[in-house]
There are 2 protein chains.
Amino acid sequence: MATIRDIARLTGHSISTVSRAINHSGYVAPETKAKIMAAVKKLDYRPNHIARELSSGRTHRIGLILPSANHPFFHRLVNSISAAALSAGYEVVLLPTNYNRHVEVDRLEELRAHAFDGLIFTSRSNSFDFIMQYADYGPIVCCENTRHYPLSCAYKNRENSFQKTFQRLKAKGYRKIGVTVSRNEYVSASAQATIRAYQRVFGLPLKDELLFRDALTPFDGATAAGEFLAAEPGLEAILANSDEIAAGVYQYCQHHQRQLTLIGQDNELISQLLNFSTIDNHLNDIGSIAFSLLFEKEVKKVLVPATFIERHLPSLHQA
Amino acid sequence: MATIRDIARLTGHSISTVSRAINHSGYVAPETKAKIMAAVKKLDYRPNHIARELSSGRTHRIGLILPSANHPFFHRLVNSISAAALSAGYEVVLLPTNYNRHVEVDRLEELRAHAFDGLIFTSRSNSFDFIMQYADYGPIVCCENTRHYPLSCAYKNRENSFQKTFQRLKAKGYRKIGVTVSRNEYVSASAQATIRAYQRVFGLPLKDELLFRDALTPFDGATAAGEFLAAEPGLEAILANSDEIAAGVYQYCQHHQRQLTLIGQDNELISQLLNFSTIDNHLNDIGSIAFSLLFEKEVKKVLVPATFIERHLPSLHQA
DNA sequence: GTGAAAGCGCTAACAA
DNA sequence: TTGTTAGCGCTTTCAC
């Protein structure tokens, strides 16, 4: 591999002149530049990326923390974030943690070691208090509400969208509703948001038998459906934490000849095909906003409102 | 940010001793090491990642070329490749090209500039001849058959799996079959493989009206179904280039009250939910094998055989 | 066991 | 317009 020194030697010019010529920065006489460019061609020279990073102190690379890439929720975020990064001249490094907090710590340590210019969390296994400690080492943005913590975020308001959804269901005569929530260490926070929304709308607490935690796969959705129906045979609807989970419920209903109104999340293809309602959390927006927040000087929290997409949501009034 | 020099200064030892202590390499007296580690703690020191890369000449980072992240085909590969990378101590950089060959060239140039230790192509917009030129700068692996080119690959044998599928259909009495193929610059190669397989099994050429090119989204699947049925009202089955496309066909059939036997690819959730057959190309295997091939000294080509998953494939003999 | 010093390949401030 | 030089922060060889 030829280095900048080789070019300098071959052309008889100095390293810095070569550098300037290559970077089209500063003054270089046209002939000098031409000569240098010829040498570059001749020696098949290419500036070393890493050396540049070391010199400039910037990597143009951001890290993207996620549990694994096999969940639609993360696909959407990965997609929008990498698209935003591409057009801003950044590259994104996938940092799967498998929900392992130690792996996550390693990634934070890499931020500290200047391996990235910034870090986006699409999920996390450590507390905000812990993550915050790394904010000094580089910009960190979360894709969930960071509340009172001084960390930027682009997020959806779960409680609010659930509340609206429950109101819609209530208006249509629904009373017996099961809810699934996704697994994470903050399950309680998420679940409580749901519970609060339910209570606020229906005036009574969501029964624990109608709350299914740790719903990750369609299979969990089917399990949840089974448990809900065992506890409440008159169940009318299920609000799932994703379209995939809702699809699992759908499958259960097909097998067991049950009718249930389904509401999923994120408007995935499957909700269109199976024709059930879904809460669109606009993950594409969340992703691209999260990326842009990396470059804000101040901590900012951007709420991305959800949209309800109604499909086959029959009224129960006449029932 | 504290540097190794600060630690040296504070402890009164030399940079190299500090380096050895930190890397647990070479001889360092226990007390010296303890003293150094204490200083590391005290100054909140962390070795600079980039400087290490420059010194060692390796990044422990690989680039992953893909058109964009929003296709199940790529999800699977991204997933398995990043999992394999994680356990091997590598990080993966997502390199979306949007099928733009110039963007792809930029990425190859980055390989040349030592930005990555290797490159995996899950799709490509440049010819093998062109890509090959970069093989000197670092290992390159493709997720498609590289044929006679000296480039490693992990791939599925399209023609063979199509042939088996057609044989199965033929045995069940199917004769009128539509086929969709995915868009890429090598459409003709892919389409020809399909056409050859069809011809070999049925003894006559696949009619052009029953071949739909550039199928990318479920919507294309629906369009294909419409066109096929217009050209051949007695159509019996459709072999789609992905489960998503097949799902689009499914949707069309539902709307138009038609019965068609569907065969998708890659055993996505949706094929299970809609209960149609699918060709499992074992993309997870392809991904992890592709990653491991990066580290082989020689060019290797690994064929990953496909599996047929039969679901609701009624026999037409009695019809 | 430890340290001096020479890289790794480049950028940028400053001088000429 | 060009060159000298001092970093960027670390690894590693080779004396001591």
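These values consider heavy atoms only, across backbone and side chains, with no hydrogens, waters or symmetry-generated copies. Chain identifiers are assigned alphabetically (A, B, ...) following the order of the sequence lines, protein sequences preceding nucleic acid strands; residue numbering begins at 1 within each chain. Predicted model, so just to flag it, every value in this text is computed and none were measured.
Judged by distance alone, with hydrogens and angles left aside, B:S16 brings a side-chain donor or acceptor within reach of the base of C:dA4, the pair sitting under 3.5 Å. A donor-acceptor contact under 3.5 angstrom links the side-chain atoms of B:S55 to the base of C:dG7. Put simply, the side chain of B:R20 and the base of C:dG3 share a donor and an acceptor less than 3.5 Å apart.
Considering only side-chain atoms of B:L54, the nucleotide from C:dC8, D:dT12, D:dT2 that sits closest is C:dC8. Comparing C:dC10, C:dT2, D:dT2 against the side chain of A:P47 picks out C:dC10 as the nearest. The nucleotide whose nearest atom lies closest to any side-chain atom of A:S14 is, among C:dC10, D:dG3, D:dT1, D:dG3. In the set D:dT2, C:dC10, D:dT12, D:dT2 carries the atom at the smallest distance from any side-chain atom of A:V28. Set against D:dT1, D:dG9, C:dT11, the side chain of A:T32 has D:dT1 as its closest nucleotide. In this structure, the nucleotide among D:dT11, C:dC10, D:dT1 sitting nearest to the side chain of A:I4 is C:dC10.
Over its length, the helix from C:dG1-D:dC16 to C:dA16-D:dT1 turns its helix axis by 40°, as judged from the five terminal pairs at each end, rounded to 10°.
Note that CD1 of B:I286 is 5.5 Å distant from CG of B:L283, once rounded to the nearest 0.5 Å.
Residues B:V18 and B:R5 both approach DNA chain C. Their nearest nucleotides, taken by heavy-atom distance, put B:V18 toward the 5′ side.
Each of A:E104, A:Q133, A:R101 was evaluated against A:N126; a single residue qualifies, A:E104, per the side chain to side chain donor-acceptor pair (under 3.5 Å) test.
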